[in-house]
Trainee: 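Okay, handing you the structure first.
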Amino acid sequence: MLGINRLSIKSKLQIMMLVASLGSIVVVGYLSWNKAQETLTERIFNQLTSVRASKAYQIESYFQTLRNHVETLCEDRMVVEAMSEFNQAYTQLNQQSIAPDWNQQIAAYYNNEFLPRLAKNTTGTPLFATYRPKTTASQYLQYHYIAGNPNPVGEKDELRQAADGSQYSNIHARYHRLFRNLIKKFGYYDLFLIDSKTGNIVYSVYKETDFGMSLDEKPLSSSNLAEVVRKVRANPDRGAVQIVDFKFYRPSYNAPAAFFAGAIYDGDKEVGILAVQLPVDEINIVLTGNRRWKQDGLGNTGETFLIGSDLLMRSVARPLLENPQAYLTELSNSNVNKDTLDQIKRLKTSILVQKVDNTVARAAISGKSGTQKAKDYLNKPTLSSYSPVDIKGVNWGIIADMQLSEAYEPINELQFYLLASSIILVLLVLFYAIVAAQRFIQPIDTLIASSSKVKAGKLDTQVVFNSKDEFNELAQIFNSMVGQLRGFNALVEQKTQENENLLLSILPEPVFKRFQQDDKHVINYLQQLTIVSIRIGSLTKNSFRDALTETNWFNELINALDEIADKNYVERLSIFGDSYIACCGLTKARLDSVNCVVEFALEALNIVKRFNQKHNISLNLRVGIHTGAVMAAIVGKQKFRYQLWGETLDIANLLQQNAEPNTILVTTAVYERLSELYSFTTNSMVYLDEYQLPTWILHKTILSKSVGFEKDTVIDSQTQEQSQTNSKY
């Protein structure tokens, strides 16, 4: 500011013209950029919504097709006959004898094949005793079709008939090829026939370690396959197909699995349950467009994924498919815990592992649809479109998003173009300003010369311009001012008195007297002052109708606070943004300054509550109160003010910063003075430099209506006692 004051009018005029032009350029550029950003955002939101709606429809249609197919299979005559025959043959196997070496081979398979693979995908060490088949039938089937099966792991379904000559194997040979072709054709991971009475899995296509086991007993009783069977038992109506959400399924080496199941009827008699294990790959193909994200209009960072009610993914994240190592690095940088990272590495999937806990995900699973800006699971800003997925039996949401950096690439190019154009325009305006200012300044030079004569006492000086513009009017005014100079002396004296009255309204009288005496160092040390620091929260987050309404509401709130401040002998110090600082004991020291400030703060909370109800908004106050010594002095020269500072003010502000919305946070010094009058609870420590500062939360409950001092009790500032540095906290 001082540097500008030293400039000539010519230079100032040039600067003004340059600033005005530059300001216009900036405003137009900003409006253009803002409109472009708004239009681009809307276009990308529409694009994401289109992709999201398309993927949601495909997923919903796919699941409805699966549901219809399972319902059809449950009524298929071949399935009904197979269920009945497998049930009967399975029961007969319980009468078979188990050779000792069979169990040895079963144990060897578990210990050498199944459990080591499972251990890679789980925490802890799985034991054979937990997973081993316990019944004769399960041991018989797992020996012949798993442990004794010559095909490698993952190809056990290649065995059509075991060479044991049993009725079960004959039935298995008759139906297995049909069921195996069926799951391959429809993309199921596995198909199960289950005895609805015993929970025994009497047949499965893929021949994992759940084959022959009971879903009513551990370890399968806690699986989601057992859960879907329980749902079918609870609702065994013909045509009722149940579904369970994804869960880690241990027989499939702890891979995520979901299941459809329905009751199988032979006429009016329920003969069993058919269940199919859903393929994760098919869901991922739909959501990733078979990894053709760019062709779907999702660019380099966009993706579409499913989430469940637990906010965990139900499909694989795009970064994991494209660059697993970079994905894990970004998760680590986003402070994802190590256990989650290890689980993603082991399972090589983000399904049921990657959490998406943001406003978009929560809105989707709560049944809402829309678009908004949010941070994704990698903590990066994105544009997101979300909605629930209409699949009966699960609560899923679908999200399509794109990182903000990619979405706004065209805007960045526009910024560069606007900047280059602005530089060229500024140079042209600068040249014009130099020429125009030179012509404009000539009459001013004449006025300066005439004013110098008046300063020297030549009051008969006259200025004449031949032009008819404002400079001619200025010359006439100058001539008139010279003639009226004497009369202005009296006016100056009057204004001086008015200025003194104005100063008395903003300065304490003792300070004013010192200021009037041209005291260059008006400094006071106030030994006991209670300060309240208030932050008006959510002021910028509430939607006001227009600038005038916002200003009127803000004035109304401040005036209300000022009124209750005056009522409680509290003086407002300053308003800065959404901060309101006040104190008690500044003009007149008061013994009850702490109580006055606390009552003011409590009334302020009520004021804001009524204010919110009146205007249907959601403001809140964060309040900090501390009492102690402060320094006070007049600071500034051209725009001076009576300023307070010191540790007491810093602590009050610090408490306000650490207070919860609509909470009053006080120090021990305040608590000890009012602990018998109000209700307090202990709060956590806050830190000021090297000090640990205990704090207390003041509640609205008044324990006693008695007050230690009368409201009009004041003391002379010269008789205040010096507070100790440590005890004041």
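All values reported here derive from a predicted model rather than from experimental measurement.
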Trainee: Could you list the residues that satisfy ring-ring contact (aromatic ring centres under 6.0 Å, His included) with Y580, not counting sequence neighbours?
Mentor: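 For Y580 there are no ring-ring contact (aromatic ring centres under 6.0 Å, His included) partners, ignoring immediate neighbours.
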Trainee: Tell me yes or no: between the side chains of Q403 and Y408, is some donor less than 3.5 Å from an acceptor?
Mentor: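 No.
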Trainee: Is a donor on one side and an acceptor on the other found under 3.5 Å between the side chain of S366 and the backbone of A364?
Mentor: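 No; zero donor-acceptor contacts below 3.5 Å.
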Trainee: CG/L693 to OG1/T667 distance, rounded to the nearest 0.5 angstrom?
Mentor: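 One finds 6.5 Å between CG of L693 and OG1 of T667.
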Trainee: Give me the ring orientation class for H615 and W553: parallel if the planes are under 30° apart, tilted from 30 to 60°, perpendicular past 60°.
Mentor: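 H615 and W553: tilted rings.
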Trainee: Any salt bridge linking D357 with R362? Criterion: basic side-chain nitrogen under 4.0 Å from a carboxylate oxygen.
Mentor: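 Between R362 and D357 there is a salt bridge, with a charged N closer than 4.0 Å to a carboxylate O.
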Trainee: Taking atom types as modelled, is there a side-chain donor on T340 or N337 under 3.5 Å from an acceptor on the other?
Mentor: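 Indeed, the side chains of T340 and N337 share at least one donor-acceptor pair under 3.5 Å.
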Trainee: Just by distance, do the side chain of S334 and the backbone of E330 share a donor-acceptor pair under 3.5 Å?
Mentor: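 Yes; at least one donor-acceptor contact below 3.5 Å.
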Trainee: Using atom types as modelled and distance alone, determine if a side-chain donor or acceptor of T382 lies under 3.5 Å from a backbone N or O of M402.
Mentor: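 Here the side-chain-to-backbone pair does not exist.
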Trainee: Residues two or more places apart in sequence or in another chain: which of them pass side-chain hydrogen bond (donor to acceptor under 3.5 Å, both in side chains) with D650?
Mentor: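 D650 satisfies side-chain hydrogen bond (donor to acceptor under 3.5 Å, both in side chains) with no other residue.
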Trainee: As a test of understanding, state which of R610, K567, K609 forms a salt bridge (charged side-chain N to carboxylate O under 4.0 Å, His left out) with E603.
Mentor: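 Running salt bridge (charged side-chain N to carboxylate O under 4.0 Å, His left out) over R610, K567, K609 with E603 returns exactly one hit, K567.
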Trainee: How close do H626 and A669 get, counting heavy atoms only, and between which atoms?
Mentor: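 Shortest heavy-atom contact: CE1-CB, 4.3 Å.
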